[in-house]
Amino acid sequence: MSSALLATSPAEEPVPFCRVTITPEARAAADRALAGGWVTTGPEVREFEREFAAAVGSAHAVAVSSCTAALELSLRALELAPGARVLTPAMTFAGAVHAIIHAGLVPVLVDVDPDSLMPRPDHVASAASRCGGSQAMVVVHFGGAPAAVEVLAEAARLPLGRVVEDAAHALWTRVGGRAVGSISAATCFSFYATKNLPIGEGGMVTTDDPQLANTVHRSRLHGMSADAWRRYLPGGSWRYDVDVAGLKANMTDVSAAIGRAQLRHLARWQDRRAEIACRYSRLLSQIPGIRLPQVGGDGRHAWHLYVIQTTPELGVSRDELAADLAAAGVDTSVHFIPVHQLSYFREALGDHHGLLPGTDSAARRVLSLPMYPAMTDAQVDRVCDAVADVAEAGVARRRVARGAVSA
Ligand SMILES: *Cc1c(COP(=O)(O)O)cnc(C)c1O
């Protein structure tokens, strides 16, 4: 942790949406990997996989280049027929739906509950019947909140072996008493710069299924036989086989070394995220027109995102709130623009107008506030003060408008 990040920032300093923490240990580890001379996939990756599997309680972990690649490789490893239908929430990241398409499968968009921002069992059941039955499903733990994986699988009439979890937000999440990482066929994590374990880029597939782990392991590096990287070691052989159409999606030893060092800080970072969420909820609960994120759900929240929603009571729209906060020096973001509102997917999947009402309504109201372990209490307070200022101005504006009408 760099000490500059811990210093209390003066009230007038802007609050960025995200600030990535790369620890001194991670920098030293990257140096070590570079000095070791291996650089690409090697012993650091193997150790990172071992340590990560232990952290999430899975039998296997396979490191890859991104969560998007993890999703594609996991879906390919299910060996579904080309064109098989895969349920996915419409309220997700575009890359997660590209992964389905690039695996040769057909995404079927599922509506979400506007409060939890995740599909309910009835949403899943109705999407499954709308498309005449699905062959697999991607479950997203939105923002780090626990999704009831087993209940949703049942609603889709799918065995857990046909479910892939998008856990890009959910390193540290528990569903019931169980860590996300070994519930479904394959769980996919992200080490993108903004995620809970930042490396910069990177991903991981975890599973209890040795065969699936082996398939993903081969597929991540051109489908070459498992120990292909050893072929350049002394005594290694140049012979290898290719038995599947693989991807180039391996992780480098430099990334893995950074990941291993960062992993040692995860518990502390997660404690801080939970504290920040608590402070936000306490301070924002006083403000009319702001709906807090649902803490409910059975399990543990990883607080990757802190997503508020505007209600009509606020007097201004979400877009106006975001603009006013930016003007006050507070950066925010929106997770997500639902995929069916993006032009490529509108073209590829057809017009979903009116079919996803929960998603469309939430999409107009969600706003992600800054949330990262390096955030200070003073910065959290500053964000909440700025939101309160906007709400107060909204009340004043409505009073004026009412006055104008009654005059
Ligand atoms: C970030 C994200 C991804 C993609 O992760 P990458 O590692 O950048 O490929 C997938 N799904 C969700 C929900 C995400 O937020």
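We count ligands from 1, going down the list as the structure has it; atoms in each ligand are counted the same way. Note that this is a predicted model, so its numbers are computed, not measured.
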Are S184 and E165 linked by a side-chain donor-acceptor pair shorter than 3.5 Å?
yes

Thinking salt bridges, do E13 and R382 make one under a 4.0 Å N-O criterion?
no

What do you reckon, does Y192 have a nitrogen or oxygen under 3.5 Å from a nitrogen or oxygen of ligand 1?
no

Which of the ligand 1 atoms, numbered from 1, are nearer than 4.0 Å to a heavy atom of G202
7 (O)

Please identify which atoms of ligand 1 are closer than 4.0 Å to at least one heavy atom of K195.
1 (C), 2 (C), 3 (C), 5 (O), 14 (C), 15 (O)

C67, any N or O under 3.5 Å of ligand 1 N or O
yes

Between F336 and ligand 1, find which residue part has any heavy-atom pair under 4.0 Å and reply side chain, backbone, both or neither.
side chain

Looking at ligand 1, would F142 count as a contact under a 4.0 Å heavy-atom criterion?
no

State plainly whether the residues E72 and R76 are in salt-bridge range, i.e. N to O under 4.0 Å.
yes

Can you tell whether the side chains of R46 and D253 come within less than 4.0 Å, N to carboxylate O?
no

Tell me the contacting part of H335 for ligand 1: side chain, backbone, both, or neither, using a 4.0 Å heavy-atom threshold, strictly below.
neither

Counting heavy atoms only, which of S190, G95, P89, A70 is nearest atom 6 (P) of ligand 1?
S190

Once you restrict to heavy atoms under 4.0 Å, what part of H169 touches ligand 1? Side chain, backbone, both or neither.
side chain

Are a donor atom and an acceptor atom from the side chains of S281 and Y306 found within less than 3.5 Å of each other?
yes

Per the side chain to side chain contact (heavy atoms under 4.5 Å, CB included) rule, which among T88, V164, V64, V97 passes with L71?
V164

N/O donor-acceptor pair under 3.5 Å between N196 side chain and A302 backbone
yes

Starting from atom 9 (O) of ligand 1, which protein heavy atom do you reach first, and at what distance in Å?
T68 OG1, 2.6 Å

Taking R272 for its side chain and M375 for its backbone only, find out whether a donor-acceptor pair lies under 3.5 Å.
yes

Region of A168 that comes within reach of ligand 1 [heavy atoms, distance under 4.0 Å]:
side chain

What protein heavy atom lies closest to atom 11 (N) of ligand 1? Include the residue and the distance to one decimal.
D166 OD2, 2.7 Å

